[in-house]
Every structure is written in structure tokens, then in C-alpha cells.
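Single-structure report; data block below.
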Amino acid sequence: MPDIDNKDRPVTSVTDQEALDFHAMGRPGKLEINPTKPMATQRDLSLAYSPGVAVPVKAIAADPQTAYDYTARGNMVAVISNGTAILGLGNLGALASKPVMEGKSVLFKRFADVDSIDLEIDTENVDEFINCVRFLGPSFGGINLEDIKAPDCFVIESRLRELMDIPVFHDDQHGTAIIAAAGLINALELTGRDLKTTKLVCNGAGAAAIACVELIKAMGFAPENIILCDTKGVIYQGRTEGMNQWKSAHAAKTDARTLEEAMNGADVIFGLSQKGAFSAEMIRSMADRPIIFAMANPDPEITPEEVARIRDDAIMATGRSDYPNQVNNVLGFPYIFRGALDVRASTINDAMKIAAVKALANLAREDVPDDVVAAYQGNRPRFGPQYIIPVPFDPRLISAIPVAVAEAAIESGVARKVITDMAGYARELSARRDPIASTLASLYERVRRRPKRIVFAEAEEEQVLRAAMSYANQQLGTAILLGREDLIRATAERAGIDLNRPGLEIVNARISTRVEAYIDYLYARLQRRGYLHRDAQRLIHNDRNHFAATMVALGDADGMVTGITRNYSTALEDVRRCIDEKPGHRVIGVSLALCRGRTVFVADTAVHDMPTAEELADIAEEAAGLARRMGYQPRVALLAYSTFGHPSGERSERVREAVKILDRRRVDFEYDGEMAADVALNRKVMEQYPFCRLSGPANVLVMPAFHSASISTKMLQELGGSTVIGPILVGLDKPVQITSMGAKDSDIVNMAAIAAYGGS
Ligand SMILES: NC(=O)C1=CN([C@@H]2O[C@H](COP(=O)(O)OP(=O)(O)OC[C@H]3O[C@@H](n4cnc5c(N)ncnc54)[C@H](OP(=O)(O)O)[C@@H]3O)[C@@H](O)[C@H]2O)C=CC1
Ligand SMILES: CC(=O)C(=O)O
Ligand SMILES: [Mg+2]
């Protein structure tokens, strides 16, 4: 988690332009739909469509429950909004809400493998909205209502819950309430407070606020200790202006009329209102060890830095990911629906919500096991003021919360399917989640904690400048822009990039005071390899890769990224003239292929053309080492066209020999081979070889040669829809990463972060 004490601003993760570019790049938006069945042959079509499709139609007509077996319904949630309360931005309409709703849909998929589609309904008329949604039940396993303003949302949700026999859940109400309640329970525990005597003020009396107050009252909070405020001030008994029945239900018996008066002496303040709603004075007037949840998005009611300037005894939470203690409904809705869908629940009831609260609160109190530490940026968090709630990337959430929700659904009688083996269910849930997102997040965070100076060797190129700016913006360290200053400035101006921000530094090789030292260094290395002094001079003066790599070699930069303007092997040769292998290591390239929630490391995708058996064994060790450093338990398959001796051939023998070498080396990771890719990756096919030593599908694939490695990763990328990161260079004595030519700014900044990580 970022250390906010010494900074004026949080980690500014993105600029406005980056956010627009991100949404526009490639296929616009964040979602697409893919078939799950083959659609290649006439037979496939006959099965998927007419005539085959008639059979499940009749089965479902006879027994509606079979829709869960024959259609996507059971894993499909609709995220539905009319855009009347988009985050804390207000009523900006249905269409403008689409980026948020697409975002919620991808979070469903990313965090809990729930398929989801966004539906924006262009009406502010409550009856029209209800009528539009009520007939959609057959399509979905659940309905997640989002960003609909109060009080309409209360009417809409309760009517739809009556009308539909699937879970209807207004995320801003209950998702938020569940997370806030979990955080509150833990904050009360840490400050030694009792639920029954604690005084809470909630600013905001809309969807999120009313639900939060209802839930904490249901959990035992004394109603007389809660004061609700809205734009008109305190909601007191007898107030008439700006009221509705939901506010009236929580009207307080109090003399306080303003938020300022209400907050005087309060133990807890919930902000579910708007940016900047809390003043320094209000925070100063709160009780000792106050609990401040400023949950408005995207900007909180008060920032943690502002609070830290006023007092140092507060427990502070916001809705944002760039501060400690993120109280945001993303911790809830994916997992709550996961549990509800898995037992085919007809609703999400209070028992399920309270089970989720408890599971979440307990998780933050548990010791964080080793394999989860990566999600916490390599630092083991300990239950305390800076850690009252797990982070969204905590991989334990996927097993802890759905299990609790499913159990509660079964016990409270709303499950239409009973799970008897809960331990087995928890294991299945864990397997649904790929750790790459948390791995990359923790990698970035680790770099943020120890920022690095990375030289961007091709800074005259626009996408490199963009990447450098993003590197600096994300507070990963200083981006050193190597190139001719006039050209860099001209490119920046054309692209609308502001170079006068902190974290960017231009270095011009022609006028650098370090040139002589670099030439001496390079000449000393190359003089017995056929290079004259003037060759070294020419390389340092004219070649950005040699200059940048020498900067890194001599400690003037912590790492380097290059590759846009020169092909990979040429760039690697340039670098290797300046930097050696790490002693006892072999330089190789490892690509990460991310496909359908699964990540595999593929090696060697960069260096060895036709590796010998000895080299293959080295490649296996280097790749396993990288996988382990990135938080995976390596299961290494040494691949060939044959499997365990059949059919035989010279290439396969070399792979077999590599396995024997690893046996002799007694390496400390799982490996086996030779085997074909389907045996390595498909559990069922692997089961045909019961003697195979891998405990599950491989996550590290050692390719028999460079061509198979390169061809397979590129095919995965182009045809299989995989995201491929890398090749990541490992085994060099100093951190250098080479991107592919034509890499996008986001690829380049990933590689710069990986270089920075390698140097930490
Ligand atoms: N962290 C999280 O997970 C979540 C955070 N939120 C945040 O909570 C906020 C409210 O969302 P939601 O409940 O959906 O929206 P609603 O439109 O339903 O409610 C907004 C409420 O905030 C009140 N309000 C607005 N500005 C102020 C102010 N300056 N002082 C006091 N009250 C104010 C409104 O008062 P009035 O009734 O007088 O108009 C209204 O009661 C948003 O910022 C949203 O981002 C929401 C859901 C989840
Ligand atoms: C997080 C969320 O749902 C909101 O701010 O509206
Ligand atoms: Mg919302």
C-alpha cells in the first residue's frame, strides 16, 4: 500500500488522456462476447443451432431449472443502470454511465469469473425502468443494479425483488453497506469501541448511505447514536424540507442542524456524498481515534493527506485503490454473486449479506499466508489502522466470500442447488482466479515503494514518451529520456505531452559529461573483441542502446527499456556488448501468455535458437525462477512434438536428456517431459500418463527451440486472443528489457516497470 505520510498527493495512477486512450484503443470499450462452443463445422452448427438447439429448448420448457445446465444463464449477471447517480458525478444519463457499467462487468469477470453484460436503460421513469427489467429474468442468473439515484433505487429494487425469481441486488446500496460494515467492525475493534455506544454520522442520505445505516442498525448499532445528513444538513425528527420516507425512517432526535454540529464529538463519520464535503474543522472536532470513511468516488469527502495534517490518531478509509483501506463495493459484488449463482439462489437475503460482512471482516484479521503476500506488494500486512479490510487483489476473497454466501443461502432456504462439499467448492473457487492481476499490481507497487531511474533509450518516439510520462505519473521513479532534446521536445509538443513535470529527465548523449567514462568502459570491454577506441567512441556517441546500457552498467540508471526502433536480436546484441550475464545464470527470454484466466510462462522466446540439452535445462531453471519471483509455484513442462518417448526423434531426445540433467541437478521445482503441449496443459489428457510428475497442468512451458517458442506465442496472441507480455529478459547482470518493435505505450511502461522491479 502506498505510504501517504510523506507525499502531498496520492499515486496519480492515470491522466485524463491515458484514460481516454485506454478506452479507445483496439476495439472500443472494455467488453466483447465470445462463443464457448466450437462453431467450425456443419455438425457444430447443427448442434448449436437448428436442428440440435430444439432439444435443449424442449428440455427447458419441460423443466426450467435445466436452463442452468444448457444455457449461459447460470453464470450471467446483467449490470443495469439509468445513469442517474454515476459514482459521485451525479445524473449524467444512461449513455454516459456505460463506461462504469462495462467496468463493473469486467470486474465481475476478472475477480470472480462471472460473465456479465451491461444494460443502460434510457429512462428516469421508475415504472418504465421496472417494466424494462422485470421481463429480462430468463436471460440472467442475477441482476446487479448500479448508479441509480435515491429514492428511485429503493422503489426499483424492492419491486424488482418481488417480481423476479433471481437475485436483484443494488450494488451501491448493499455492496457498499457490506464492505463499510466489515471495515467498521474492524475499526471499532481496533479502537476498543462498542457497537452499542459508538456515535456515527453519515453524510449523504442516498442509496449507499441509507443501506449502510440500515445494515449497521441490523447488526446491533444503536439507532439513537446515528445522525444522517444530506445537502440540507441534519435529518432530524420533524424536518420537512427535502425529505422522503427512507430519510424519515432514520430521522434523529437531536438539536444538531448542520453537519459541523453533528460531527462534533462523533466517533465515526461515513461520507457517501460528494468530494470535499468534510472540512478540517469538522475532522478536528471528532472524538479521539476517530474512524473516517470518506467513500465518495472518484474523489473522497476529505483526503487522507488532509486528515493526516490535522490529526494522527484517525483510522482512515476511502473508496479509492491508491490509498490504504479501500472501502469499495468491488470487494463485494463479484464474490456475493459468485456464491449466489453457484447455489442458484432465488435472492440475496440479509443472511447472505451478513455472512459476507463477517467473512470480509475476518479475512483482514487473519495472518496473510506467504502465497498471498504478493497481493500486498510483498509486505505482509498486519491487522491495524492501515489494514482494516483486504485489498481487491487479495486472492483469498474468491474462496472466502462465495463460500460464506453460498452456505448462508443454503441455510436460509433460498438455494435451489445444495453444495455438500464446501471444502471442494472452496478449492474450485481458488482455481477460477488467475494471479496475474495481483502479480502485476504487486510488481508495480513494489517499484513504487523503491522508485527506480529507468532510461528510455528511444525517447524521440512518441509512444516511448507516453510510456515515460505514464511511468513518472504512476510514481514508479524517474524516467530518463535519452535522445536529442530538440527532437524530444518537438515530439512531446506534437503529442501534447507536458515534459515539465517531475520525474522526467532529458539526457542528450552528445553533450553528456559522462561520455568519456562510458567510452573508456566500453573500450575496456571490447578492445580484445576487435573494436578500436574510435569504435567505442562511435557507439557511445551515436548509438542510444550502447549509451543507455552503459549508463545502467555504470550505475547512472537503475534499468533500461528499448526495442521500438530496432529488432529484438540487434537490440540484445547492443546491450550485451555493455552488460554481462549474471554469474551462474543464462540470459533467456520468457513470455507471459494470459489467456482465459490462465497464465503460462513460455521460454525461451528470445535468445537460444536451437538449445542443447544442457541449455534447455538452464532455460527451465531460469523460467521457473522468474515464475516463482512473480508469485507462482512453477510446474515446468519441457515440450516436444512427442510425449514420453513416442514418436521418437532427435529433437525429443534432446528434451528427454534435459529432463535427466534437471534430475541430476536436483532442482527444487516440479518438472517433467518430454511432452506435447496438450498433455502439459490439459488435466484430462495428462491423466492418461499417471506417472507424470506434474501435480497439475503446467504453468511454465520450455519450448524445444526458439522457432516453436516464438511461433506459438505469436499465434496465441493473434488467434487465441491471449495477452502476451514479454519476452522478459532474465539472467542479465543489470535490468534491461527489450520490447517488440511496434509495442504500444502500455507495453513499454509494463516493460519499464519489470526492469525497475528486476533492479529492486
Ligand atoms: N465506496 C463505494 O463503494 C461507494 C461509494 N459511493 C459514493 O457515495 C456517493 C453517493 O452515491 P449514491 O448513494 O449512489 O448516490 P445518491 O444520488 O443516491 O445519493 C447522494 C446523496 O448524497 C447527498 N449529498 C450530495 N452532496 C452532498 C453534500 N455536499 N453534503 C451532504 N450530502 C450530500 C444527497 O443529498 P440530497 O438527498 O439532499 O440530494 C443524497 O442524499 C457517491 O459519491 C458515490 O461515489 C456509492 C456507492 C459505493
Ligand atoms: C463504487 C461505486 O459503485 C460508486 O462509487 O458508485
Ligand atoms: Mg456505483
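As the structure is a computational prediction, the values presented were derived from the model and not from experiment. Just so you know, residue 1 is the first one in the sequence shown, and it goes up from there.
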Quiz prompt | Distance in Å, Leu639 CG paired with Ser712 OG, rounded so as to fall on 0.5 Å steps | solution = 8.0 Å
Exercise. For residues Ser46 and Pro51, determine if any side-chain heavy atom of one lies less than 4.5 Å from a side-chain heavy atom of the other.
Key: yes
Practice problem: Indicate yes or no for a side-chain donor-acceptor contact from Glu622 to the backbone of Val730 under 3.5 Å, with no hydrogens or angles considered. | Solution: no
Quiz item: Would a 4.5 Å heavy-atom cut-off, applied to side chains only, mark Leu107 and Phe333 as touching?
Solution: yes
Quiz item: Any luck finding a side-chain donor-acceptor pair between Glu461 and Thr491 under 3.5 Å?
Solution: no
Quiz item: Between Arg338 and Asp113, does at least one N-O distance fall below 4.0 Å, as a salt bridge requires?
Solution: no
Quiz item: Donor-acceptor pair, Ser116 side chain versus Val77 backbone, under 3.5 Å?
Solution: yes
Quiz item: Say you draw a straight line from CZ of Arg598 to CG of Asn699; how long is it, rounded to the nearest 0.5 Å?
Solution: 9.0 Å
Self-check item: Other residues, nucleotides, ligands: >12 heavy atoms within 6.0 Å of Lys30 NZ
Solution: yes
Self-check item: Gln737 (side chain) donor-acceptor with Leu729 (main chain) under 3.5 angstrom
Solution: yes
Quiz prompt | Parallel, tilted or perpendicular: rings of Tyr335 and Phe111 (30°, 60°) | solution = tilted
Quiz item: Would you call Glu32 and Arg27 a salt bridge, using N to O less than 4.0 angstrom?
Solution: yes
Quiz prompt | Least distance between heavy atoms, Phe456 atom then Ala752 atom | solution = CZ-CB, 3.6 Å
Quiz item: Atom OG of Ser399 and atom CD of Glu428: how far apart are they, to the nearest 0.5 Å?
Solution: 12.0 Å
Self-check item: Closest non-hydrogen atom pair between Leu476 and Ala753, with its separation
Solution: CD1-CB, 4.3 Å
Exercise. Salt-bridge test for Lys98 and Glu102: reply yes if a basic N is under 4.0 Å from a carboxylate O, no otherwise.
Key: yes
Exercise. Apply the test side-chain hydrogen bond (donor to acceptor under 3.5 Å, both in side chains) to residues Asp663 and Tyr671: give CA-CA distance (whole Å), side-chain angles for both, the deciding distance (0.1 Å), then the verdict.
Key: CA-CA 9 Å; Asp663 290 344; Tyr671 61 91; 2.4 Å; yes
Self-check item: Test item: Arg635 side-chain N/O and Pro697 main-chain N/O as donor-acceptor pair under 3.5 Å
Solution: yes
Quiz prompt | Note: Asp543-Arg566 ion pair, threshold 4.0 Å (strictly below) | solution = yes
Quiz prompt | All side-chain contact (heavy atoms from CB on, under 4.5 Å) counterparts of Ala624, not counting sequence neighbours | solution = Pro634, Val636, Phe669
Exercise. Supply the atom-to-atom distance Leu694 CG to Met686 CE, rounded to the nearest 0.5 angstrom.
Key: 4.5 Å
Practice problem: Take Ser648 and Glu653 through the side-chain hydrogen bond (donor to acceptor under 3.5 Å, both in side chains) test and state the conclusion after the steps. | Solution: CA-CA 7 Å; Ser648 60; Glu653 269 162 34; 5.6 Å; no
Self-check item: Euclidean distance, Asn545 CG relative to Ile738 CD1, rounded to 0.5 Å
Solution: 7.5 Å
Exercise. For Asn34, look at atom CG and say whether over 12 heavy atoms of other residues, nucleotides or ligands are found less than 6.0 Å away.
Key: yes
Quiz item: Taking C-beta and beyond as the side chain, do Met76 and Ser139 meet within less than 4.5 Å on heavy atoms?
Solution: no
Quiz item: Any ion pair linking Glu674 and Arg656 (charged N to carboxylate O, less than 4.0 Å)?
Solution: yes
Quiz item: With under 30° as parallel and over 60° as perpendicular, where do the rings of Phe337 and Phe108 fit, or are they tilted in between?
Solution: perpendicular
Quiz item: Is Arg654 salt-bridged to Glu657, going by a charged N under 4.0 Å from an acidic O?
Solution: no
Practice problem: Decide yes or no for Met610 and Phe706: does some side-chain heavy atom of the first lie under 4.5 Å from some side-chain heavy atom of the second? | Solution: no
Quiz prompt | Residues, nucleotides or ligands: over 12 heavy atoms within 6.0 Å of Met715 CE | solution = no
Exercise. Indicate yes or no: does Asp322 engage Arg448 in a salt bridge with an N to O separation below 4.0 Å.
Key: no
Quiz item: Thinking salt bridges, do Arg576 and Asp733 make one under a 4.0 Å N-O criterion?
Solution: no
Practice problem: Look at Glu621 together with Arg666 and state whether they make a salt bridge at an N to O cut-off of under 4.0 Å. | Solution: no
Quiz item: So does Lys452 pair up with Asp558, basic N to acidic O under 4.0 Å?
Solution: no
Quiz item: Does a sphere of radius 6.0 Å around CD in Gln633 hold more than 12 heavy atoms from other residues, nucleotides or ligands, not counting ones at 6.0 Å or beyond?
Solution: no
Quiz item: Does Gly589 offer a backbone N or O that forms a donor-acceptor pair with the side chain of Asp604 under 3.5 Å?
Solution: yes
Quiz item: Is a salt bridge present between Asp115 and Lys109, judged by a nitrogen-to-oxygen distance below 4.0 Å?
Solution: yes
Exercise. Determine, for Glu462 against Arg466, whether the closest basic-nitrogen to carboxylate-oxygen distance falls under 4.0 angstrom.
Key: yes
Quiz item: Taking everything shown except Tyr49 itself, do over 12 heavy atoms lie less than 6.0 Å from its OH?
Solution: no
Quiz item: If only atom types and distance count, is the side chain of Asp747 paired as donor or acceptor with the main-chain N or O of Lys744 below 3.5 Å?
Solution: yes
Self-check item: Chi angles and distances behind the side-chain hydrogen bond (donor to acceptor under 3.5 Å, both in side chains) call for Gln474, Ser470
Solution: CA-CA 6 Å; Gln474 294 186 66; Ser470 164; 2.9 Å; yes
Quiz item: Distance from Ile661 atom CD1 to Glu615 atom CD, nearest 0.5 Å?
Solution: 10.0 Å
Practice problem: Before giving the answer on side-chain hydrogen bond (donor to acceptor under 3.5 Å, both in side chains), spell out for Glu18 and Thr15 the whole-Å C-alpha distance, their side-chain angles and the decisive distance to 0.1 Å. | Solution: CA-CA 5 Å; Glu18 279 176 292; Thr15 62; 3.2 Å; yes
